[in-house]
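The structure appears below as structure tokens.
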Amino acid sequence: MTLQQEIVGNAMQMAVVSLQPGQTVYCEAGKFLFKTTNVTMETRLSGPSNSGGGQQQGGAGGMGGLLRQAMGTAMQVGQRALAGESLAFQYFTAQSGEGTVGFAGVLPGEMRALELDGTRAWFAEKDAFVAAESTVDFGIAFQGGRTGMSGGEGFVLEKFTGRGTVIIAGAGNFIDLNPADFGGRIEVDTGCVVAFEDGIRYGVQRVGGLNRQGLMNAVFGGEGLSLATLEGNGRVILQSLTIESLANALKKAQGGDKQGPTGGLFSTHAG
């Protein structure tokens with residue numbers, strides 16, 4: 001059953017989802033806006049792949065199934081806690097007729113509905129997830145040690161598998177690219193990556209060498225020490241606004257900007 005949804009708005013978009021009777025959509029806590037009265041709301045710690053508890057019943061398998069379900073939920077919650085994600089999901093199901101639910105991201109910017117056909121996973125930046133059909137599985141992907149240590153934003157990614165619709169959000173405007181159209185590889189600010197298809201190789205590289213120009217790039221160029229690299233053939237979604245640049249603009253407007261004219265290595269992060 002395809003998820004019927006419409007993305008509306010301009011500077012701060014939201015997704016309005018129409019649910020068929022019995023159809024379920026889930027979101028990360030804090031992304032819900034409104035619903036019709038015939039849509040039930042339930043908060044759970046378990047993700048959709050672990051939400052159908054009670055499938056194993058009776059006999060010796062009953063207690064073992066409950067134990068395995070509890071351990072699976074604990075592992076999911078532990079992963080999300082390590083990633084800094086919300087610990088709970090909210091599930092919305094239409095009862096006795098069609099229902100409507102509204103969702104939004106947390107920053108001014110665009111939203112995008114991705115259709116998964118079961119053959120290719122999608123990866124997204126932390127906090128990009130808004131909502132998805134219950135047939136889409138949400139997971140956490142930890143990037144390898146060297147990439148994560150040097151990349152900052154690239155260490156933790158959200159992973160979506162299965163079949164159905166998943167809705168993501170980002171800051172500013174989106175642009176869709178395929179590295180294959182640019183010689184097979186693109187380099188971007190680490191904060192500009194929103195999502196990419198499975199098959200795209202994601203990495204982080206140092207900006208220049210440890211020489212005069214490399215230090216100039218890091219200190220005065222506004223990019224810090226690293227750039228994200230995306231290689232392969234597949235869809236990549238980038239955003240025009242980074243959380244760091246938005247935070248610095250707000251701090252400057254409040255008279256608390258300590259970045260000065262240098263940016264880059266000397267820039268300050270909110271929080």
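Treat the numbers as computed from the prediction; the structure is a model and nothing was measured. FYI, side chains are in, hydrogens and waters are out, and symmetry mates aren't considered; it's all heavy atoms of this structure.
- Linking ILVMFWY side-chain heavy atoms closer than 4.5 Å, directly or via other members, places Met14 and Val101 in two distinct hydrophobic clusters.
- For the pair Arg44 and Tyr91, the cation sits on the ring face: its NZ or CZ lies under 6.0 Å from the ring centre, inside 45° of the axis.
- Side-chain contact, Ser134 with Thr24: no donor N or O sits under 3.5 Å from an acceptor N or O.
- Atom CD of Gln95 and atom OG1 of Thr40 lie 5.0 Å apart (nearest 0.5 Å).
- Met12 and Val106 get closest at one heavy-atom pair: CE-C, 3.9 Å.
- When the shell of 6.0 Å around NZ of Lys35 is examined, it contains more than 12 heavy atoms from other residues, nucleotides or ligands.
- Taken from CD1 in Ile200 to CG in Asn178, the straight-line distance is 6.0 Å, to the nearest 0.5 Å.
- In this structure, Val39 is a member of the same hydrophobic cluster as Ile167, with clusters built from ILVMFWY side-chain heavy atoms closer than 4.5 Å.
- Heavy-atom minimum distance, Gly105 versus Ala169: CA-CB, 4.1 Å.
- Residue Val166 is not grouped with residue Val16 when hydrophobic side chains (ILVMFWY) are merged at heavy-atom distances under 4.5 angstrom, including chains of intermediate members.
- Rounded to the nearest 0.5 Å, atoms CD (Gln5) and CG (Leu19) are 11.5 Å apart.
- In plain terms, the two heavy atoms of Ala94 and Gly99 that are nearest each other are CB-N, 4.0 Å.
- Using a 4.5 Å cut-off on side-chain heavy atoms (C-beta onward), Gln20 and Gln4 make contact.
- Between Leu177 and Leu238, the shortest heavy-atom contact is CD1-CD1, 3.6 Å.
- Of the listed residues (Ile168, Ile7, Val8), just one forms a side-chain contact (heavy atoms from CB on, under 4.5 Å) with Met111, and that residue is Ile7.
- Two residues are said to be in side-chain contact when any heavy atoms from C-beta on lie closer than 4.5 Å; Gln205 and Glu187 meet this criterion.
- The backbone N or O of Phe174 sits less than 3.5 Å from a side-chain atom of Glu110, completing a donor-acceptor pair.
- The side chain to side chain contact (heavy atoms under 4.5 Å, CB included) search around Ala228 returns Val188, Thr190, Val193, Tyr202, not counting sequence neighbours.
- With salt bridges taken as basic N to acidic carboxylate O contacts below 4.0 Å, none links Asp198 and Lys159.
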Before you tell me yes or no, could you show the steps for Glu42 and Gln90 under side-chain hydrogen bond (donor to acceptor under 3.5 Å, both in side chains), namely the whole-Å CA-CA distance, both residues' side-chain angles and the distance that decides it to 0.1 Å? CA-CA 6 Å; Glu42 181 182 1; Gln90 292 177 302; over 6 Å; no

Show your reasoning for whether side chain to side chain contact (heavy atoms under 4.5 Å, CB included) applies to Ile237 and Phe196. CA-CA 6 Å; Ile237 301 175; Phe196 53 90; over 6 Å; no

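- Taken from CG in Asp189 to OG1 in Thr242, the straight-line distance is 5.5 Å, to the nearest 0.5 Å.
- Salt-bridge check for Arg235 with Asp176: passed, with a basic side-chain N closer than 4.0 Å to an acidic carboxylate O.
- A donor-acceptor contact shorter than 3.5 Å is absent between the side chain of Asn233 and the backbone of Ala180.
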I would like to know whether Phe138 and Phe89 meet ring pair (Phe, Tyr, Trp, His ring centres under 6.0 Å); could you show each step before the answer? CA-CA 10 Å; Phe138 175 99; Phe89 294 109; 5.3 Å; yes

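- A donor-acceptor contact shorter than 3.5 Å links the side chain of Thr135 to the backbone of Arg163.
- Across all non-hydrogen atoms, the minimal contact from Ala104 to Gln13 is CB-O, 4.0 Å.
- Separation of atoms NZ (Lys126) and CD (Glu158) is listed at 8.5 Å; rounding is to 0.5 Å.
- Counting non-hydrogen atoms of other residues, nucleotides and ligands closer than 6.0 Å to CG of Asp117 gives a total above 12.
- Side-chain N or O atoms of Ser240 include one that pairs as donor or acceptor with a backbone N or O of Asn173 at under 3.5 Å.
- If you run ring-ring contact (aromatic ring centres under 6.0 Å, His included) between Tyr26 and each of Phe129, Phe103, Phe92, only Phe129 comes through.
- Taking each heavy atom of Thr43 and Ala88 in turn, the nearest pair found is CG2-CB, 3.8 Å.
- Hydrophobic clustering, with ILVMFWY side chains joined whenever heavy atoms are under 4.5 angstrom apart, groups Leu3 together with Phe32.
- The backbone N or O of Ala171 sits less than 3.5 Å from a side-chain atom of Gln239, completing a donor-acceptor pair.
- If you check the side chains of Thr165 and Glu115, you find a donor sitting under 3.5 Å from an acceptor.
- In the hydrophobic cluster analysis, where Ile, Leu, Val, Met, Phe, Trp and Tyr join through side-chain heavy atoms closer than 4.5 angstrom, Val25 is grouped apart from Leu33.
- Here the side chains of Phe160 and Asp137 are not in contact, with every heavy-atom distance at 4.5 Å or above.
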Run Val130 and Glu28 through side chain to side chain contact (heavy atoms under 4.5 Å, CB included) and show every step you take. CA-CA 6 Å; Val130 175; Glu28 190 175 48; over 6 Å; no

